[in-house]
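Step one of this worksheet: look at the structure below.
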Amino acid sequence: MKIQKTILLILSLHLISCEKNEKFDLPENQDKVITMNSLSGDYDSIVNRVKNFGDKEAYSELFYYLKDSNFAERTDTLMIYSKIMAEKHNNENAYIDYLDAITEKYNVKKDLGNYSTIDISKLEPKEKKQITNWLNKMLQNKIISQKEFNEVKK
């Protein structure tokens, strides 16, 4: 009899705990909700705003959209648009985004807050040259200091 009462008590407690339905409110017009991996407009118009006008908001939106993409699309496409924003529109963050993407592409572990963690010494000469050239651009444009440039293991 005690076992039956214990089982009944456990089942009752379980049912009570399962009945609690948490409810959250969804926006009334869900068509206008933008998630991290969706764009507020069509892809081509956002790319156009980045390429032709250096629109920082469009670039940021495109950046986060691409960060949610697959690896190949993320690195190569991020490299294209961050390079445009950096070189054509002189966007400081885009220089760092390009470095992040190219080192990710070549599987270089790093902490961009600490350039001494970047080790490109074991890369193929072509890959190493690409990263070194970019670091030189960053140095010339005062995105990084000479000290940070020298800290990278080449």
Side-chain angles (χ1 to χ4, degrees), residues 14 16-154:
H14 180 69
I16 292 170
S17 68
C18 290
E19 288 179 22
K20 184 178 179 183
N21 290 331
E22 291 190 30
K23 190 175 179 184
F24 58 95
D25 295 324
L26 293 173
E28 288 181 25
N29 187 354
Q30 293 180 30
D31 294 336
K32 297 195 181 209
V33 173
I34 299 171
T35 62
M36 286 302 287
N37 61 354
S38 64
L39 297 172
S40 64
D42 70 276
Y43 183 83
D44 292 335
S45 68
I46 290 174
V47 165
N48 183 50
R49 288 172 34 208
V50 169
K51 287 169 54 175
N52 296 322
F53 305 107
D55 185 318
K56 290 180 183 180
E57 285 182 29
Y59 174 71
S60 181
E61 186 175 348
L62 184 61
F63 175 85
Y64 288 110
Y65 171 76
L66 292 170
K67 279 300 229 183
D68 284 345
S69 301
N70 65 53
F71 178 79
E73 182 179 339
R74 176 178 63 239
T75 55
D76 292 341
T77 309
L78 271 173
M79 286 170 60
I80 291 168
Y81 295 114
S82 60
K83 189 171 186 177
I84 290 168
M85 283 296 286
E87 294 180 334
K88 185 176 179 182
H89 302 292
N90 201 30
N91 182 299
E92 186 173 323
N93 289 335
Y95 279 96
I96 296 165
D97 293 343
Y98 183 90
L99 180 62
D100 188 31
I102 195 169
T103 52
E104 182 179 352
K105 178 178 182 169
Y106 296 133
N107 201 25
V108 175
K109 292 183 170 114
K110 78 281 182 186
D111 170 8
L112 292 177
N114 180 359
Y115 284 81
S116 67
T117 63
I118 302 173
D119 183 358
I120 60 173
S121 63
K122 295 178 177 95
L123 294 178
E124 296 293 322
K126 182 180 176 185
E127 297 166 349
K128 184 193 279 190
K129 184 176 180 179
Q130 281 182 300
I131 295 174
T132 303
N133 287 345
W134 191 257
L135 287 165
N136 274 316
K137 283 183 185 188
M138 291 176 72
L139 178 61
Q140 290 168 359
N141 288 291
K142 297 181 173 122
I143 308 301
I144 60 172
S145 66
Q146 184 68 51
K147 180 182 181 263
E148 290 171 317
F149 179 83
N150 293 341
E151 287 177 341
V152 175
K153 293 170 189 78
K154 300 172 194 83

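Just so it is clear, the model here is predicted, and its values are computed rather than measured. Computed over heavy atoms, backbone and side chain alike; hydrogens, waters and symmetry mates excluded.
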Legend entry - More than 12 heavy atoms from other groups under 6.0 Å of NZ on Lys51: no

Legend entry - Lys/Arg cation over aromatic Phe149: Lys154, 6.0 Å, 45° cone: yes

Inset, instruction - Provide the full list of salt bridge (charged side-chain N to carboxylate O under 4.0 Å, His left out) pairs with a residue in residues 125-143, sequence neighbours left out, each pair given once. - result: Glu87-Lys137

Inset, instruction - State, to 0.1 Å, how close Thr117 and Asp111 come at their nearest heavy-atom pair, and which atoms those are. - result: OG1-N, 2.8 Å

Legend entry - Nearest heavy atoms of Leu135 and Ile144, plus distance in Å: O-CD1, 3.8 Å

Inset, instruction - With rounding to the nearest 0.5 Å, note down the distance linking CG in Leu66 to OG1 in Thr75. - result: 10.0 Å

Legend entry - Closest contact, heavy atoms only, Leu99 versus Tyr115: CD2-CE2, 3.6 Å

Legend entry - Point-to-point distance, once rounded to the nearest 0.5 Å, from CG of Asn93 to NZ of Lys56: 8.0 Å

Legend entry - Closest approach of Leu78 to Ala101 (non-hydrogen atoms, all atoms of both residues): CB-CB, 4.1 Å

Legend entry - Separation between CD1 of Ile96 and CG of Asn91, rounded to the nearest 0.5 Å: 9.5 Å

Inset, instruction - Identify the two heavy atoms, one from Ser82 and one from Ala94, that lie closest to each other, and give their separation to 0.1 Å. - result: O-CB, 3.3 Å

Inset, instruction - Measure the OH-CD1 distance between Tyr106 and Ile131 for me, rounded to the nearest 0.5 Å. - result: 7.0 Å

Inset, instruction - Go through the structure and list residues passing ring pair (Phe, Tyr, Trp, His ring centres under 6.0 Å) with Tyr59, not counting sequence neighbours. - result: none

Inset, instruction - Specify the closest pair of heavy atoms between Ile143 and Glu148, including all atoms of both residues, with the distance to one decimal. - result: O-OE1, 4.5 Å

Legend entry - Asn52 side chain near Lys88 side chain, heavy-atom distance below 4.5 Å: yes

Inset, instruction - Mind checking the CD-CD spacing from Gln146 to Glu151? Nearest 0.5 Å is all I need. - result: 11.0 Å

Legend entry - salt bridge (charged side-chain N to carboxylate O under 4.0 Å, His left out) evaluation trace for Asp100 with Lys110: CA-CA 8 Å; Asp100 188 31; Lys110 78 281 182 186; 3.0 Å; yes

Inset, instruction - Can you measure from CD1 (Ile102) to CG (Asp76) and round to the nearest 0.5 angstrom? - result: 9.5 Å

Inset, instruction - Would you check if Met138 and Tyr98 make a side-chain contact, meaning some heavy-atom pair closer than 4.5 Å? - result: no

Inset, instruction - For the pair Trp134 (side chain) and Tyr95 (backbone), establish whether a donor and an acceptor sit closer than 3.5 Å, ignoring hydrogens and angles. - result: yes

